[in-house]
Amino acid sequence: TVPSDFIRDIVAADRAAGKHNGRVVTRFPPEPNGYLHIGHAKSICLNFGIAKENPGGICHLRFDDTNPTTEDPEYVEAIQDDVHWLGFDWQGKKFFASDYFEQLYSFAVVLIQKGKAYVDSLTAEQMREYRGTLTEPGRNSPFRARSIEENFDLFRRMRAGEFPDGAHVLRAKIDMGSPNINLRDPVLYRIRHAAHYRTGTEWCIYPAYDYAHPLSDAIEGITHSICTLEFEDHRPLYDWVVAETGAPHRPQQIEFARLNLTFAVMSKRKLLELVDRKLVAGWDDPRIPTIKGLRRRGYTAEAIRAFCEHIGVAKRDAVVEMQLLEYFIREDLNKRSPRVMAVLNPLKVVIENYPEDAIEEMEAVNNPEDPSAGTRRVPFSRVLYIEQDDFREDPPKQFFRLAPGREVRLRYAYIMKCTGVVKDPETGAITELRCTYDPDTKSGSSQEQRKVKATIHWVSAAHAVPAEVRLYNPLLTTDLAKIPPDQDWTQSLNPQSLERLTGCLVEPGLKQAPVGARFQFERTGYFCVDPDSSQTGLVFNRTVSLKDAWAKIEKAHKTS
RNA sequence: UGGGGGAUCGUCUAGCGGUAGGACGCCGGCCUUUGGAGCCGGCUACCUAGGUUCGAUUCCUAGUCCCCCAGCCA
């Protein structure tokens, strides 16, 4: 289905009306001050999606790098990486606001010459006082009346590095009495004697977002500048900048509601704090909703895209339930991930009537939902491991799996009966099951029609490959707004985000499982081979949370 | 108490004057060579009050509630 929303309607109407000569040019404009997260994915899918849907449409990737103190090339690389991973491409249209610094400066000079901008020498605190409040109008700065010549001279010297940080700013001359605070002579340039990761020390004045962004859009010929709701009342300023500088092109700013996910830590600031304080292993920690984290967790780009498409685009504030995200990844993985047998908590089983040295290759279906995935062969022998959960010495009413005297089917193999239980003489713990199998019941054999109540998975003890399993839960939090400012917000994070780290035994075919490969372990869930496993051996990360784990976490949060 | 936005199932989201639809979730049933899979069924919504109209979620008026804005961040 083709996505439809109010923004796409605007774009379609503009195209139909021949606006911008029918061209559609969008842009994804991250500041390289952190890694992308699922919230950015919504914006990426929107901007690149609209470009893709419209013939000749294109989406630029622009780094909004106008603040030298927070930005880093590491983030530039990571962002490009993530956009590509999500399945989008800017087709060579990669730009940096910092590449426009010279042009932006020229536009500022135009503004000064027109008497539309002036150099103010108030301190930051004074400027705040002069700005007024939400209900009271602001007052003109005493420096507002400076002559064009003086303004130009001062601005030129600001650029030349003659003044320390904070000595002057360039402000737009709009209206200190405007009910819209953004129009009360906003700052266009500030002095920052800081090295920029791209322009080095070439500049010591840097343009502000409200100035650089509309002009960058105009310079690039962006037709639809899509941003989030908080910029709604910046739109008059956006339009003012484009109009007053006489920029050659008039982009249209359109706002939509950003994505919020229940219990998720989504703000860049907080994610950065988690990384800096080493509360998580890094930006790619599977517990945080960064693109890299989700990727490492085993989420697929297709699933994330499907999710973004499904949640839609609107102007009302919304909080999407994390379960919806997980639904989409499950949905996707069900179709594509091979089913494999893996035992997380092994219980040894000896099939007493099975020959000591025999090995059979059992044919197993790779994916019941996708016949083209084919089959594989899994070795079967006398000594197996089954899941501890699949055996109960004293089975309750609804338990139909293995118990003393009971029969179950071993998936892809035989019907097996439990004939004895071996216990540790010291502790009484069950260490081994003695069983017998029925040779006439081999899976797929035509004469076999016996029914058993349950089927369980297994691995051959002699062939099983040891692996490690990390059962991650997302790093969830309560409503951060409710946490007192003096309290460390990280205290509200769920302590069970990494539920446990345990060994497991997988069928031998997985020994060569490539990094990032996703599997569905029968009855235990979806797992992904961790990209770091090259160092630590075969490690699987759980992709989706268990429902009961969710319930546990949510309950814990609701009661706390 | 200024300005800018927004209110539709528990959660997202359609609808643009004519039976309120979809998805997640939840509940129930079926399936059984494993399900957290699959199949079937069910659940619950138009912020309020007036008005216009044959007819209003939709148009008008007045309220109510929620979000954003007082960085030399973006």
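Numbered from 1 within each chain, the chains take letters A, B, ... in sequence-line order.
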Under 4.0 Å: is that the gap between some side-chain N or O of [X] and OP1 or OP2 of [N]?
X: A:R235; N: B:C68; result: no
X: A:R8; N: B:A14; result: no
X: A:R190; N: B:A74; result: yes
X: A:R184; N: B:G3; result: no
X: A:R131; N: B:G71; result: yes
X: A:R401; N: B:U34; result: no

Have a look at [X] and say if it touches a base, only the backbone sugar-phosphate, or nothing, with a 4.0 Å heavy-atom cut-off.
X: A:F328; answer: nothing
X: A:S178; answer: nothing
X: A:R128; answer: sugar-phosphate
X: A:V313; answer: sugar-phosphate

Assess whether one donor atom and one acceptor atom, taken from the side chain of A:E369 and the base of B:G38, lie less than 3.5 Å apart.
no
[Y]/[X] salt bridge by N-O under 4.0 Å criterion:
X: A:D99; Y: A:R198; answer: yes
X: A:R376; Y: A:E507; answer: yes
X: A:E361; Y: A:R377; answer: no

